[in-house]
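Just so it is clear: chains get the letters A, B, ... in the order the sequence lines come, proteins before strands, and each one is counted from 1.
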Amino acid sequence: MPRGVLDKTFEPKHKEDKWYQYWLKHDLFHAADETRNKPFSIVIPPPNVTGMLHMGHALNNVLQDIVVRTRRMQGLNTLWMPGMDHAGIATQNVVEQELARGNLTRHDLGREEFIARIWRWKEKYGGVIINQLKRLGCSCDWERERFTMDEGLSKAVREVFVRLYRDGLVYRGDYVINWCPRCHTAISDLEVEHKETNGFIWHIRYPLAEGEGEVVVATTRPETMLGDTAVAVNPADERFRGLVGKKVVLPLMNRVIPIIADGYVAMDFGSGAVKITPAHDPNDFAVAERHGLEIISVIDGSGRINENGGGYQGQDRYECRENILRDLAENGYLAGREPYLHNIGQCYRCKTDIEPAVSKQWFVRTKPLAQEAARAVAQGRTRIIPSLWEGTYFEWLGNIRDWCISRQIWWGHRIPVWYCPCGEIIVSASDPDRCPDCGSGEIKQDEDVLDTWFSSALWPFSTLGWPEATKALKTFYPTSLLVTGFDILFFWVARMMMMGIYVMGEVPFRDVYLHALVRDENGEKMSKSRGNIIDPLEMIDKYGTDAFRFTLAAYTAQGRDVRMSEERIEGHKHFVNKIWNAARFALANLADYEGAASTRPGEETLPNRWIRHRLNLTIREISRHLEEYRFNEAAQAIYQFTWREMCDWYLELIKPALYGKGTPDERIATQKTLLEVISQTLLLLHPFMPFVTEEIWQALPGGDTTSIMISPYPQFDETREDYEGAEKMAACMEIIGAIRNIRGEMEIGPAARLKVIMSSPDEGRRASLSQTASHVIHLANLESFVITCDPEEPRGSVTGVVTGGRVIVLMEDTLDLDRKRAKTEKELARTEKELIQVERKLANRDFLSKAAPAVIEKERGKAAELKHKHLILEGTLKKIKGLQIAPPTGGISDPAKAVHAQ
RNA sequence: GGGCGGGUAGCUCAGUCGGGAGAGCGCCACGCUUACACCGUGGAUGUCACAGGUUCAAGUCCUGUUCCGCCUACCA
């Protein structure tokens with residue numbers, strides 16, 4: 001596109017790819033390992049390799065890009081580290097589904113072949129999301145792109161595991177873990193979703209083994225009774241006094257089990273007696289440990305009853321439940337049931353009901369790590385924004401339980417542990433070929449892989465090259481900021497804190513900004529099943545990336561969900577169009593601008609002074625908002641400035657000067673300011689709307705072809721404040737507003753040129769207003785504009801009250817008295833109401849003695865102004881009434897008489 | 001069970017230090033004025049969930065109530 005020319009309309013489709021390629025070609029996203037400039041770094045929350053861009057990604061990455069682009073323009077050595085997560089279970093699921101279409105399972109292929117298959121899948125289909133991020137305009141340093149399973153990161157994973165093991169922070173043992181019968185793997189507590197479900201509590205009779213009597217137990221899961229090894233009651237429970245130590249017969253199984261006493265049992269719940277199934281309930285497991293009970297697993301890895309379940313073997317756990325209930329009832333063991341609302345744990349991946357099961361797994365001892373992670377935030381070494389999440393963070397870390405990190409799947413980092421038949425356990429970062437103890441070559445590596453989040457926890461330093469002491473690591477760690485959704489505060493953020501501090505001895509990031517979830521316009525979570533998904537790419541196709549990005553930013557208020565609606569995006573497409581057309585207007589009027597013409601400050605026109613002042617303040621406002629991650633406020637500020645101030649007022653105000661209605665100097669001065677204002681506005685807009693701003697930027701006259709991406713971000717400059725000029729302009733704008741208001745209310749079309757008198761008793765004000773008279777004439781479309789001290793309102797006029805005076809619009813024969821009366825009455829009523837309020841305040845002695853002086857002063861000023869306004873309006877209304885009651889013959893033609901007749 | 005957030009215009013939501021209730025969209029009226037009808041100008045619209053309290057002054061601070069939403073949790 002040649003300089004100085006823009007297409008009639010902005011076509012995002014054509015321009016977005018062009019500029020993205022341009023930025024790539026000029027290597028503008030790349031951060032140097034070392035520069036003199038202060039570093040700024042963000043690591044991307046790595047999307048799953050199977051991921052497709054959804055609203056959550058879009059929001060997350062647009063916010064990051066806004067910060068990154070701003071910092072880069074501010075001259076920091078800015079790194080946005082991109083990459084992807086191997087997403088263990090999710091990815092394995094995808095490839096297994098693919099196999100299932102050919103009626104194959106991973107076991108048919110074998111481990112090695114299956115993993116090879118996943119890698120091939122990854123090369124072919126994985127990472128679609130990376131290109132989608134590019135469409136969002138993300139300015140990641142793609143040369144550094146990493147993958148959690150790549151060589152370097154795998155090395156980091158092993159290294160950390162070994163360290164943790166040596167420090168006694170990783171251990172292996174048999175515990176009740178959360179087992180997903182569909183994924184066939186253990187999952188961590190965090191990966192269990194709790195779903196409220198209507199169920200029942202069944203009461204079951206367990207007869208005493210000796211003598212008469214029974215104990216009634218209460219349970220929500222009767223099928224687990226197959227694995228019961230005790231019945232527990234509270235030691236203080238009178239009802240069971242004398243029974244503790246006796247035995248009961250487990251119905252249907254005819255196994256004799258003891259009655260034990262344990263404080264864990266609540267006396268006021270259920271029947272007061274709890275069946276203990278150590279293999280399938282974490283609490284029962286703990287009870288069993290305390291009492292040395294037998295542990296009998298009765299449910300296998302697929303959720304079926306195993307060989308310990310007697311006649312129920314082979315049945316699905318829920319099918320078995322029905323059968324057991326039937327059998328219990330038939331044999332008189334069922335004492336009753338009551339409806340019960342409780343929570344059932346489900347696998348967060350596949351929504352299958354979790355089966356708690358005893359199993360040998362690897363765990364991270366989290367307590368010591370969590371303490372440090374909490375301390376770091378408490379000491380302010382890392383800031384959590386918005387701070388209300390701090391409480392949640394501390395709460396979780398304070399009650400943290402050990403982290404089960406082994407997974408019985410194949411896709412992931414295989415646990416770097418080898419077992420020798422001699423009993424030796426080898427934990428090593430590199431593959432050993434024989435047992436260091438007995439020298440045997442028969443060693444076998446642990447079959448399990450690590451939880452995906454284990455490698456994610458290392459992301460801030462593993463991506464920078466750790467365990468190598470790279471320059472990048474030195475420069476960019478700790479990272480400056482992490483931007484992510486609050487939903488992974490525990491999954492990811494807390495664990496990065498733990499690992500970062502443990503491995504690096506320093507927190508992984510200075511600031512953590514937690515953004516909200518994106519919901520649909522009804523506030524519901526977007527999901528495929530609800531069918532309420534808004535596809536970001538579809539929005540981009542329809543409205544352009546810039547409009548879409550701006551929308552995301554504009555509605556990201558801290559601590560609140562983002563409710564996405566298509567209409568909002570459309571609205572911001574209009575904003576893009578507005579910017580585009582403002583630029584076209586500017587370019588058309590800058591065609592002959594030679595630049596750098598000497599402008600003496602004294603010749604600066606008021607509109608120029610005003611807009612510069614406003615721009616300067618807007619720069620400060622936006623910078624402050626961005627500094628504190630108030631994206632919505634920053635977006636609103638730039639929107640208001642661009643549209644309401646620059647377009648609505650400034651561009652209209654300067655048209656006469658540009659069209660040569662003033663002096664040549666004025667014209668050049670105005671061109672200079674126009675170019676400056678447009679440029680600065682584009683710079684401010686760029687982080688939000690990278691594409692349209694670049695397109696315009698490169699068409700601007702004068703400058704070189706440096707990308708806007710690396711042009712300096714505007715800075716607030718105290719010395720450029722100009723309240724005097726701004727106030728003069730504001731007074732002029734108020735008058736224009738008052739005249740327009742009268743025009744509207746009196747229903748005078750915009751084409752009619754009006755005669756207006758501006759009356760003010762203040763000589764200074766009159767002088768100042770005369771400076772801006774031409775603007776009033778132009779923007780209010782006047783035939784004449786007279787400034788006078790004469791308070792007389794000519795007959796047939798309509799008056800508007802402004803600060804320090806009034807504007808009188810001459811209507812002559814077009815005056816509609818009813819309208820005028822209605823308008824005046826309405827305004828009078830409003831003024832009266834306000835005046836009463838203010839006067840009541842000023843009459844209050846407590847107010848006068850206790851309120852801040854500035855507040856009182858303000859109220860006094862307000863009172864004076866309102867009184868003045870009230871007086872004028874009253875007078876006007878009186879006159880109108882006089883005219884209206886005048887005899888028909890007199891009418892408007894003889895208003896003076898009518899007035900005096902009153 | 002514990003914790004957090006929210007209830008402000010028809011809709012979706014801002015509102016930072018307690019001091020004259022705002023925006024966008026929608027709606028009404030008038031206008032195609034040579035950047036833009038994806039536009040301009042003007043206009044209408046509020047029991048700031050409810051009840052108390054603190055204060056000269058409360059959408060804003062405190063207490064309680066209520067209705068939504070979310071997170072978290074080993075009473076079977």
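Between Asn741(A) and rU41(B) there is no side-chain polar atom (N or O) within less than 4.0 angstrom of OP1 or OP2.
Val217(A) comes within 4.0 angstrom of nothing in the nucleic acid, heavy atoms only. Within 4.0 Å of Phe394(A), counting heavy atoms only, lies no atom of the nucleic acid at all. No engagement by His203(A) is indicated, since no non-hydrogen atom pair under 4.0 Å with the nucleic acid exists. Among the heavy atoms of the strands, none lies under 4.0 Å from Arg337(A). Among the atoms of the strands shown, none is found under 4.0 Å from any heavy atom of Arg840(A).
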Taking Watson-Crick and G-U wobble pairs with both distances under 3.5 Å, convert RNA chain B into its dot-bracket string, 5' to 3', dots for unpaired and | for cross-strand pairs.
(((((((..((((.....[..)))).(((((.......))))).....(((((..]....))))))))))))....
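For rC67(B), the base is anti relative to its sugar; the glycosidic angle deviates from 0 by more than 90°.
No donor-acceptor contact under 3.5 Å links the side chain of Arg743(A) to the base of rU41(B).
Of the residues in residues 218-230 of chain A, those lying under 4.0 Å from RNA chain B by heavy-atom distance are Ala218(A), Thr219(A), Thr220(A).
Evaluation of the side-chain hydrogen bond (donor to acceptor under 3.5 Å, both in side chains) test over residues 848-866 of chain A, restricted to residues two or more places apart or in two chains, returns Glu859(A)-Lys862(A).
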Can you give one letter per nucleotide of nucleotides 29-35 of chain B, going 5' to 3': B for a protein heavy atom under 4.0 Å from the base, S for sugar-phosphate only, - for none?
SSS---B
Identify all pairs in which a protein N or O lies below 3.5 Å from an N or O of nucleotides 18-28 of chain B, and state each distance.
residue	atom	partner	partner atom	Å
rG24(B)	OP1	Arg644(A)	NH1	3.0

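Minimum interatomic distance between Ala357(A) and Trp179(A) (heavy atoms only, all atoms of both residues): CB-CB, 4.3 Å.
Not a single salt bridge (charged side-chain N to carboxylate O under 4.0 Å, His left out) links Arg753(A) to another residue, sequence neighbours left out.
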